[in-house]
Amino acid sequence: MVTLDDIRAAKDRIQGLVRETPFKPSASLSRQAGVPVWLKCEHQQITGSFKLRGASNAVARLGKVAGVTTASTGNHGRALAHAAREQGIPAVICVSRLVPQNKLDAIADLGAEARVIGASQDEAFQEARRLQREEGFALIPPFDHADVIAGQGTLGLEILTQIPDAAVLAIPLSGGGLLAGVAAAVRALRPDIGIIGISMERGAAMAASLDAGQPVEVEEQETLADSLGGGIGLKNHLTFPMVRDLVDEVILLTEAEIAAGIRQLSVADGEMVEGAAAVGAGAVIAEKLTAKGPLVLILSGANIDPSRHAAIVRGET
Ligand SMILES: *Cc1c(COP(=O)(O)O)cnc(C)c1O
């Protein structure tokens, strides 16, 4: 398991490679929740998501390699491409056909090769495995890796410094690297803090796995929260047990509830976020998420097609 010491070491290692992101209160969400609601604006991280924390930590710990590779629904690939370029090594990002074009373009803009392969995250992952086996690449997975989890955990340290009286953290949940890292950090320092994971109803692999008591596969479906898609891996060895032990509750949202979160964060708070990052707001608006003290919503990413975002804000989807 990943410890507070691992996360503190990661914080020192990635200092200067990642941004300390701002936080701000949300008046409308505070009114709806009946407690102070804080937005942790991690969508303003370099590359547009928190994934740069884990990728930077993992790359900083590599020895000599031919390059780095991963399979990713987008933000991890983008973060890894950026982190690799910072260290002058090639990156090949293997993605499935479900990944939206704006995310592929962003990977290419970062100087990496985006290799589109297969109809699912798992098929794209096979190509990354081949590069690792046959071509001397280091495979950096998006969540089930100790250095990645420790890097994401630095966000938890930052939240406790900025909002020391936080009572509950609402954390977007997919493979669980973000939740595992953040929860490991904050629970070590504040054992009483509430940890809520939030996913979409359409294809929530971690929620289904927690229900089953072991990692299971779910059908991948299109969702507004596309960064929360994909499986957790049947051989998951770190994030499944960590999330199982650290999470208090997992909340699932409909597509309409996610859209409402995107819309209100834009209209009332002036923040343009992707679906995955809007689930905390969506859960408050839907009255699925309550807290007895200050509630922190992690806005985890900004990578949404701007015209899609505009259509959602206009109420067209
Ligand atoms: C990856 C991602 C998540 C989920 O993180 P996991 O570590 O897979 O649980 C949430 N939001 C955004 C924007 C992401 O890119």
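Side chains included, hydrogens not; waters and symmetry mates left out as well; all remaining heavy atoms used. All ligand and atom numbering here is 1-based and tracks the order in the structure.
Checked against a 3.5 angstrom limit, the closest N/O atoms of Gly301 and ligand 1 fall outside it. An N or O contact shorter than 3.5 Å is missing between Ser49 and ligand 1 by distance. Ligand 1 has no N or O atom lying under 3.5 Å from any N or O atom of Phe50, backbone or side chain.
Against a heavy-atom cut-off of under 4.0 Å, Glu274 is close to the following atoms of ligand 1: 13 (C). Heavy-atom contacts of Gly177 reach the following atoms of ligand 1: 6 (P), 7 (O), 9 (O) (cutoff under 4.0 Å). The ligand atoms of ligand 1 that sit less than 4.0 angstrom from a heavy atom of Pro172 are 10 (C).
Under a 4.5 Å side-chain heavy-atom cut-off, the cluster of Ile, Leu, Val, Met, Phe, Trp and Tyr residues that includes Leu131 is completed by Val92, Phe137. Grouping Ile, Leu, Val, Met, Phe, Trp and Tyr by side-chain contacts under 4.5 Å, direct or through others, leaves Val216 on its own.
Of the residues Gln15, Lys11, Arg53, the one that meets the side chain to side chain donor-acceptor pair (under 3.5 Å) test with Thr154 is Arg53.
Proximity of Asn75 to ligand 1, defined as any heavy-atom pair under 4.0 Å, is confined to the side chain (atoms from C-beta onward).
Checked for salt-bridge contact, Arg190 and Asp165 miss the test: no charged N lies under 4.0 Å from a carboxylate O.
Defined by atom type and a distance below 3.5 Å, a donor-acceptor pair is missing between the side-chain atoms of Gln126 and Asp122. Residues His43 and Glu274 have side chains that never bring a donor and an acceptor to within less than 3.5 angstrom of each other. With hydrogens and angles left out, the side-chain atoms of Gln32 and Gln264 include a donor and acceptor closer than 3.5 Å.
The heavy atom nearest to atom 2 (C) of ligand 1, considering only His76, Lys51, Arg78, Met206, is found in Lys51.
At a 4.0 Å cut-off, at least one heavy atom of Gly176 sits close enough to ligand 1 to count as contact. The shell of residues lying under 4.0 angstrom from ligand 1, judged by heavy atoms, includes Leu228.
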